[in-house]
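The structure appears below as structure tokens.
Just so it is clear, the structure is predicted and the values come from calculations on it, not from any experiment. Hydrogens, waters and symmetry mates play no part in the numbers below; they use all other heavy atoms, side chains included. By convention in this document, chain letters (A, B, ...) are assigned in the order of the sequence lines, proteins followed by strands, and residues within each chain are numbered from 1.
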Protein chains: 2
Amino acid sequence: MKRRSTPSKTAVLSALEQAGTALSHDKILTKVGDRFDRATVYRILNRFCDDGITHRIVADDGKQYFALCEGCSHEAHAHNHFHFRCLGCDAVECLSSEVTVGLPAGYRAENFNGVISGYCAGCEA
Amino acid sequence: MKRRSTPSKTAVLSALEQAGTALSHDKILTKVGDRFDRATVYRILNRFCDDGITHRIVADDGKQYFALCEGCSHEAHAHNHFHFRCLGCDAVECLSSEVTVGLPAGYRAENFNGVISGYCAGCEA
DNA sequence: TAATTAACGCGACAAAGTCGCATTATAGTA
DNA sequence: TACTATAATGCGACTTTGTCGCGTTAATTA
Ligand SMILES: [Mn+2]
Ligand SMILES: [Mn+2]
Ligand SMILES: [Zn+2]
Ligand SMILES: [Zn+2]
């Protein structure tokens, strides 16, 4: 139950820190030089999400992206912010705006997933 | 270039009309009695989205859901509303609230995808 | 140093969606 | 009504993304 420190875990973490934005599994794998197994990296990322180290974004391309959390604990994740996926450079970044959505009575929210895709300033003509 | 009317297309459309909510590909396939090919239904749904008949929701389970559009043309889709996916009954519905998200300068939005998952009133304890 | 077990590597697998190609059948025209 | 052009279908193969079981390795603690 207690987490251990391994080379793969360290490498994935620093890849995310260095990037500053959200990364997909395969981007991370490339960034760490394909030194580790696919499944291992998936498991590391899932553990990071469980532990409140990263949050998972499911983008409109159907893929998962992972971004470092800022001030989230294992118990309480607060990620009511949007993400932007650039159709040009494929980058996914967290937007600052916090959003509140009204739910019908009796509904209980468990997870928030907001993604806007388009073109970032650099990729815009 | 011109669309034709076929039994499969009609069946998929009425399945969506009858449901009233968003449906996944496999739910639709079941609803039409598995009378048509998987690929055919996928193609019909993609055409519906191209033509502004349905809009596509990519939920946080990574799957695509399709819901009938209300007042969308081929050119202009306006779907800045959220969707709710129930973790209990697996239903995906459109929420009424229109949302505006501020983007960084120079960014251009192309698609909006907002999903909140949790438990609906019926599935809540 | 030895024991415990979290994490890894490998392989198989599943689900979701796409695509090429030969065939069918819809819609428009003669 | 018969003919034609081509949109749409069915089938199969394929890709991508992600998970899981299992035997092995290695991080932690005593
Ligand atoms: Mn984020
Ligand atoms: Mn909707
Ligand atoms: Zn870009
Ligand atoms: Zn429900």
Mind calculating the distance between CG (A:Asp34) and P (C:dC8) to the nearest angstrom? 16 Å

Check ion pair B:Asp26-B:Lys63 (N to O, under 4.0 angstrom): yes

Near DNA chain C, under 4.0 Å by heavy atom, which residues of residues 58-68 of chain B? B:Lys63, B:Gln64

Hey, mind stepping through B:Tyr107 and A:Phe84 against ring-ring contact (aromatic ring centres under 6.0 Å, His included) and telling me if it holds? CA-CA 9 Å; B:Tyr107 281 50; A:Phe84 188 88; 4.8 Å; yes

Just how far, in rounded Å, is P of C:dA16 from CG of B:Asp90? 10 Å

So CG of B:Asp60 and CG of A:Asn111: to nearest 0.5 Å the spacing works out to 5.0 Å

Got a second to check how far B:Leu68's CG is from B:Ile53's CD1, nearest 0.5 Å? 9.0 Å

Its contact letters, B for base, S for sugar-phosphate only and - for none at protein heavy atoms under 4.0 Å, make nucleotides 2-10 of chain D read ---BBBSBB

Do B:Asn46 and B:Arg56 have a side chain donor and acceptor closer than 3.5 Å? yes

Quick one: pull up CZ in A:Arg108 and SG in B:Cys86 and give me the separation to the nearest 0.5 Å. 9.5 Å

Give a yes or no on whether the ring-centroid distance for B:Phe66 and B:His55 is below 6.0 angstrom. no

Tell whether A:Arg38 reaches the base of C:dG9 with its side chain through a donor-acceptor pair below 3.5 angstrom. no

Measure the distance from CG on B:Asp50 to P on C:dT18 and round it to the nearest whole Å. 11 Å

Which part of the nucleic acid does A:Asp26 contact within heavy-atom distance under 4.0 Å: base, sugar-phosphate only, or nothing? nothing

Side chains of A:Tyr65 and A:Glu93, donor plus acceptor under 3.5 Å: no

Reckon B:Tyr42 has a side-chain N or O less than 4.0 Å from the OP1 or OP2 of C:dG17? yes

